[in-house]
Amino acid sequence: MSAEKVTITLGGKTTECPVVVGTENEHAIDIEKLRADTGFVTLDYGYKNTGATTSKITFLDGEKGILHYRGYEISDLAEKSDFTEVIYLLLYGELPNATQLKEFNQKLKDNSDVPAEIASILKAFPKGTHPMAQLAAATVALSGVYGEGATLKEENFINILAKFPVLVAMVIRNAQGLDFIPNDKNLDYVANFLQMTFGKPATKVLIDAMDKLLILHADHEQNCSTSTVRIVGSSNVNIYASISAGISALWGPLHGGANQAVLEQLHKIDEDGGDTAKFVAMAKDKDSGFRLMGFGHRVYKNFDPRARIIKKSCDEVLEDLGVTDKKLTIARELEQAALHDDYFVSRKLYPNVDFYSGIIYSAMGFPTDTFTTLFALGRLAGWVSQWKEMKENKEPIGRPRQIYTGANLRPYVAVGER
Ligand code: CMC
């Protein structure tokens, strides 16, 4: 809070709104008393200009292409840290020392078994059920076994963080009609996830690439799925239901589902003969209803720092795996065409985190429709940390206002008289 105040006079009534200043010098007008003092509310479709909370977890500056977790630069973490250390950082606010990290990893291993009932639920899904639907349902089903998950107890956070990689691996195999691979508690978080997914020990190249991708997806402040987790959690429901709601929000192609949509789009362009100019033209034509998936971002208006790191990693992983993918050539052409086209330049539309990630996932051997579960595996760290922060802040139930634009009061007419 600063000493500055904004005075607003509406319809002859005046209110004084405090100005809130963040640690990175972001400014907000606190309008909490606006309605009580003046009778007015604010209207902001898609919350483009509305801060829903204050948060100490992630800072991003979309104009400058900056992303920090708890004050640490994303590129530094992607290069030097590992995923469970980043989970610890997001959850507790500080990097762990060696003992803390060892204990944390041990707790994650100790709590990683997924109950047999959940495996039965997965098996009961109709063939072809999307993996995100399976993951959302299996996650909320955990509340049947661990019903106490509405409180701020540490075991609630550990429980879901520990089980999630096992659950995601089970979902990925189930979606392909494959049997589950036993959970191996001797393995580390990411190595075990990959072994449970592919049924064989993962190479260091795969583990490192997966680790980096999970770090890059771990948190992104108040995005659609995270806001969902916070608002659902604000009703005091348990953490499993809150996270399940976040998974559903992430599934959409305008959010995390874009990683699946990008690969499908690259495939379509390839099948169509690879003419990227044709698809760029379609994306510019508003009547076509076609968008270039993996381009544009609500907040980043310069570049997405995660996309830069992933693009570099994509080149390295494909070279290491000896994979040549025509879709990578198409992706590069599409990127260049869009970056030099006035439509994309003037609207500040750049490749986002999802543009290159699917090419790496595909090279690693993940089926296209399972990509968004990998985004969820990374983002769980942020969801749980944000849920915890919301509870610690004792935030009130989330409940936006509206401006009613429907019919005015009218008499009921009996059905026979209509
Ligand atoms: N292709 C073509 N035109 C686009 C695109 C695109 N991918 N994205 C935005 N535009 C145009 C849009 O038509 C509008 O044009 P105009 O001003 O002439 O009406 C302008 O750019 C602004 O777009 P908007 O939809 O108002 O912007 P937004 O902030 O509401 O939406 C977005 C952001 C990410 C939903 C959008 O850019 C999009 O649909 N991108 C494709 C889907 C995608 O890649 N999503 C992943 C986002 S990053 C991962 C994550 O955080 O989940």
Side-chain angles (χ1 to χ4, degrees), residues 45-48 62 128-137 139 168 171-172 175 213-214 216-229 232 243-272 276 278-301 304 306-307 310-311 314 327-328 330-331 334-335 338 343-344 347-362 366-380 382-383:
Y45 288 105
Y47 310 115
K48 291 193 176 192
T129 303
H130 194 281
M132 287 298 275
Q134 298 192 33
L135 188 60
T139 302
V168 173
V171 164
I172 292 174
L213 284 159
L214 293 173
L216 293 174
H217 286 88
D219 195 49
H220 213 234
E221 49 119 303
Q222 307 310 315
N223 56 82
C224 178
S225 57
T226 302
S227 302
T228 301
V229 168
V232 171
I243 299 294
S244 173
I247 294 168
S248 295
L250 186 74
W251 184 7
L254 298 188
H255 192 10
N259 60 11
Q260 174 179 343
V262 168
L263 210 82
E264 286 168 354
Q265 197 164 83
L266 293 174
H267 186 69
K268 191 170 154 199
I269 298 173
D270 186 19
E271 276 192 325
D272 191 68
T276 46
K278 176 178 157 187
F279 286 86
V280 170
M282 257 167 75
K284 288 159 62 175
D285 174 7
K286 297 279 174 203
D287 294 332
S288 71
F290 177 86
R291 282 194 166 194
L292 273 193
M293 300 311 286
F295 274 83
H297 197 276
R298 168 60 62 80
V299 185
Y300 291 123
K301 300 298 175 197
D304 181 339
R306 304 166 301 173
I310 292 185
K311 184 180 177 184
C314 186
K327 290 191 267 319
L328 183 59
I330 294 174
L334 211 53
E335 184 184 10
Y343 174 95
F344 289 87
R347 287 170 181 76
K348 299 185 163 55
L349 302 171
Y350 298 89
N352 58 48
V353 67
D354 293 320
F355 191 62
Y356 282 102
S357 62
I359 297 174
I360 311 185
Y361 295 144
S362 177
F366 292 102
T368 310
D369 66 352
T370 67
F371 291 176
T372 315
T373 65
L374 305 170
F375 194 146
L377 179 54
R379 187 55 53 87
L380 180 75
W383 290 334

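Only this structure's heavy atoms are used, side chains among them; waters, hydrogens and symmetry mates stay out. Because the structure is predicted, anything quoted here is derived from the model rather than measured.
Counting non-hydrogen atoms of other residues, nucleotides and ligands closer than 6.0 Å to OH of Tyr47 gives a total of 12 or fewer.
Taking the six-membered ring for Trp and the full ring otherwise, Tyr300 and Tyr350 have centroids separated by 6.0 Å or more. A distance of 6.0 Å or more separates the ring centres of Phe366 and Phe371.
Ile310 pairs in a side-chain contact (heavy atoms from CB on, under 4.5 Å) with only one of the listed residues (Leu213, Asn352, Ile359, Asp304), which is Leu213.
Leu250 has its side chain within reach of Trp383: a pair of non-hydrogen atoms, C-beta onward, lies under 4.5 Å apart.
Distance check, rounded to the nearest 0.5 Å: OG1 of Thr368 to CG of Leu263 gives 5.0 Å. To the nearest 0.5 Å, the span separating CZ on Phe375 from OG1 on Thr370 amounts to 14.5 Å.
Classification of the His297-His220 ring pair by plane angle, with boundaries at 30° and 60°, yields perpendicular. Between His217 and Tyr361, the ring-plane angle classifies as tilted under the 30° and 60° cut-offs.
Arg298 places a side-chain N or O within donor-acceptor distance of the main-chain N or O of Gly46, the cut-off being under 3.5 Å. No donor-acceptor pair closer than 3.5 Å links the side chain of Thr226 to the backbone N or O of Gln222.
By the side chain to side chain donor-acceptor pair (under 3.5 Å) test, His130 pairs with Trp251, Gln260, sequence neighbours left out.
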